[in-house]
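Read the structure below first, then the notes.
So that the names make sense, note that chain A is the first sequence line, chain B the second, and so on, each numbered from 1. This structure is a prediction, so every number in the text was calculated from the model and none was measured.
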Number of protein chains: 2
Amino acid sequence: MNQKINVGIVEDQLLFREGIKAILTNWDIFDVIFESADGFSVIEKLAQAPRLPDILLVDLSLPPLGKTEYSGLHLTVALADKFPEIKILILSVHNDENFMAELIKNGAHGYLVKDCDPQEVYQAIVSVVEKGTYINSRVLKAIQDRMSKKLKPGKQLMTGISAREEDVLKLTCQQFTAEEIAEKLFISVKTVNGHRNNLLLKTGSRNVAGLVLFAIKNHIVEL
Amino acid sequence: MNQKINVGIVEDQLLFREGIKAILTNWDIFDVIFESADGFSVIEKLAQAPRLPDILLVDLSLPPLGKTEYSGLHLTVALADKFPEIKILILSVHNDENFMAELIKNGAHGYLVKDCDPQEVYQAIVSVVEKGTYINSRVLKAIQDRMSKKLKPGKQLMTGISAREEDVLKLTCQQFTAEEIAEKLFISVKTVNGHRNNLLLKTGSRNVAGLVLFAIKNHIVEL
DNA sequence: ATATAAATAGGTATAAATATCTGTTTGTAA
DNA sequence: TTACAAACAGATATTTATACCTATTTATAT
């Protein structure tokens with residue numbers, strides 16, 4: 001590796017972003033040439049940037065703008081479309097297995113939990129830039145598990161939740177009753193309850209408490 | 001300031017801890033001489049440490065050990081008791097106003113949201129060590145608001161939740177029904193519902209979804 | 001074109017949560 | 001020691017959520 005690696009960081013928490021930057025200066029092969037505190041402006045900023053980063057470290061739980069969600073997953077999808085040459089390394093606080101697989105499927109090149117040590121950050125960036133991916137054993141296992149589950153015929157376990165179900169889930173987390181949700185979505189209360197039942201099945205929850213927990217863990221709603 | 005400031009860091013996320021350390025090296029007046037990834041061992045480690053830190057940066061949302069909670073607040077109380085000479089600067093992801101006031105009341109000397117810039121970390125540490133406290137305008141306003149609320153007679157708004165209510169809240173977040181909670185706590189279902197109603201009142205929630213959100217925001221349960 | 005799987009929409013019956021209540025106990029300030 | 005506030009325990013009626021169903025539409029793969 002003779003050339004420096006151009007790194008970009010997309011992370012809303014300023015202190016964490018600065019921390020990553022400070023850590024990366026430990027190795028002089030990294031140049032942090034791009035930064036963003038939100039996902040919305042990244043595509044636009046990249047289009048105007050004099051130099052494109054080789055790799056973007058993207059926080060999974062990016063904040064919404066007003067009512068519009070824009071998580072690391074949204075950004076991943078957009079980047080894979082507009083800037084496929086830029087590698088994407090996801091940073092996340094959780095180690096939610098399903099989410100790992102979802103991200104890799106949608107164009108991310110690697111996944112790091114924020115609990116890892118600096119050495120692993122180094123390895124991950126170098127591995128993604130040189131080999132194209134960085135999959136540690138935990139992520140690999142998660143993907144394999146998910147694959148094997150998909151193969152089983154069974155009922156309808158572990159499927160991603162649908163758009164309509166996500167609507168219901170979000171409103172449920174906002175403390176609306178089924179009746180209120182029905183009004184907002186212009187559907188019958190019975191239908192809302194149907195969606196809720198599917199959500200309980202898919203998320204393995206017993207009641208709304210479980211749904212709220214799931215929604216937070218999976219970045220469907222923010223705190 | 002002729003002497004270096006001895007800093008300790010209590011933070012479970014290794015990467016964030018390393019990031020803070022790396023940021024602090026920007027100023028040569030800081031020496032990071034103490035680190036811990038959990039709150040439990042801090043008192044013990046400090047007792048054996050050759051040099052005590054002047055100030056401890058403490059993450060508010062420290063992880064529990066098994067079923068035992070030990071947040072930054074617990075640690076703050078313990079430190080104020082055992083090592084009152086060590087200043088405590090709380091680091092938190094949220095800027096929950098009530099929580100700020102609670103921490104300051106219980107012995108913390110300052111409060112920083114993790115969203116601040118490195119310069120503010122510098123200011124906060126220096127201010128705490130030299131002047132004894134670091135209260136930024138947002139925290140100050142939160143405390144004043146809380147004070148003024150306490151003065152009003154009113155009904156029973158904004159009171160801290162009781163031990164029994166916290167029990168019920170935690171179990172509710174774990175998706176147990178009122179009946180199951182009653183069994184676990186050896187009380188009547190009606191009583192559990194009574195506690196739940198008080199929780200709804202105190203937290204300003206409409207249903208369990210709101211309770212779960214409140215519990216997470218206030219570090220009563222962890223994800 | 002057609003079989004398959006899953007999303008969507010809906011119905012009915014039961015279980016659970018929530019809104020209002022009444023007491024007793026406990027700690028605390030006047 | 002008395003008055004007060006709040007935790008704690010409990011009861012009843014009503015609303016809401018959940019379990020268990022069926023039928024239609026939509027997308028996908030064969």
Side-chain angles (χ1 to χ4, degrees), chain A residues 102 105 146-147 149-215 220, chain B residues 149-215 220:
Chain A
E102 203 59 40
K105 255 176 45 186
R146 200 164 206 277
M147 295 298 182
K149 268 179 190 164
K150 277 241 164 174
L151 293 179
K152 286 176 189 169
K155 288 274 164 94
Q156 70 192 124
L157 275 166
M158 231 43 220
T159 329
I161 61 177
S162 70
R164 211 58 169 162
E165 283 165 353
E166 190 169 316
D167 291 340
V168 172
L169 179 55
K170 280 181 181 168
L171 291 167
T172 301
C173 290
Q174 286 166 55
Q175 305 190 59
F176 292 113
T177 67
E179 199 168 5
E180 289 166 339
I181 295 171
E183 281 176 32
K184 283 179 189 293
L185 299 180
F186 305 105
I187 56 181
S188 152
V189 189
K190 329 273 187 170
T191 306
V192 173
N193 281 328
H195 289 311
R196 275 201 176 173
N197 282 323
N198 284 333
L199 284 166
L200 293 175
L201 270 175
K202 289 183 181 177
T203 63
S205 305
R206 297 181 64 190
N207 51 38
V208 286
L211 292 182
V212 174
L213 255 18
F214 173 88
I220 292 163
Chain B
K149 269 180 191 166
K150 278 242 165 174
L151 292 179
K152 286 175 188 168
K155 290 272 164 101
Q156 73 195 121
L157 275 166
M158 230 43 219
T159 328
I161 60 177
S162 70
R164 210 60 171 160
E165 284 164 355
E166 191 170 315
D167 291 339
V168 172
L169 179 55
K170 279 180 182 168
L171 291 167
T172 301
C173 292
Q174 289 165 52
Q175 306 190 59
F176 292 112
T177 67
E179 198 168 4
E180 289 166 338
I181 294 171
E183 281 175 32
K184 284 179 189 292
L185 299 181
F186 306 105
I187 55 180
S188 153
V189 190
K190 331 272 186 170
T191 307
V192 173
N193 282 327
H195 288 312
R196 274 201 176 171
N197 284 322
N198 284 332
L199 284 166
L200 292 174
L201 270 174
K202 289 183 182 177
T203 64
S205 305
R206 297 181 65 191
N207 51 37
V208 286
L211 292 183
V212 173
L213 255 20
F214 173 88
I220 292 162

**Study point:** N-O pairing of A:Glu179 and A:Lys184 below 4.0 Å
**Key:**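 No, no charged N to carboxylate O under 4.0 Å.
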
Review point. Is any NZ, NE, NH1 or NH2 atom of the basic residue among A:Glu165 and A:Lys202 found under 4.0 Å from an Asp or Glu carboxylate oxygen of the other?
Key: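 Looking at A:Glu165 and A:Lys202, the cut-off is met.
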
If you only use heavy atoms from C-beta on, which nucleotide in [options] is closest to the side chain of [X]?
X        : options               : value
B:His195 : D:dT12, D:dA7, D:dC8  : D:dC8
B:Arg164 : D:dA9, C:dT8, D:dA7   : D:dA9
A:Lys190 : D:dG10, C:dG11, D:dC8 : C:dG11

Revision key, fill the gap. Given protein heavy atoms under 4.0 Å, the one-letter contact record of nucleotides 13-25 of chain D, with B base, S sugar-phosphate only and - none, is simply ---SSBBB-----

Non-hydrogen atoms of [X] and [Y] that approach each other most closely:
X        : Y        : result
A:Ile220 : A:Phe214 : CD1-CE2, 3.8 Å
B:Gln175 : B:Glu180 : O-OE1, 4.3 Å
B:Ala178 : B:Val189 : CB-CG1, 4.0 Å
A:Leu200 : A:Arg206 : CD2-C, 4.0 Å

Check your understanding: Would you say D:dC8 has OP1 or OP2 under 4.0 Å from some side-chain N or O of B:Thr191?
Key ->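 Answer no for this pair, as no side-chain N or O of B:Thr191 is under 4.0 Å from OP1 or OP2.
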
Could you state the atom-to-atom distance from [atom1] of [X] to [atom2] of [N] in whole Å?
X        : N      : atom1 : atom2 : result
B:Leu199 : C:dA19 : CG    : C1'   : 15 Å
A:Leu169 : C:dA7  : CG    : P     : 14 Å
B:Glu165 : D:dA9  : CD    : C1'   : 12 Å
B:Ile187 : D:dA9  : CD1   : C1'   : 8 Å

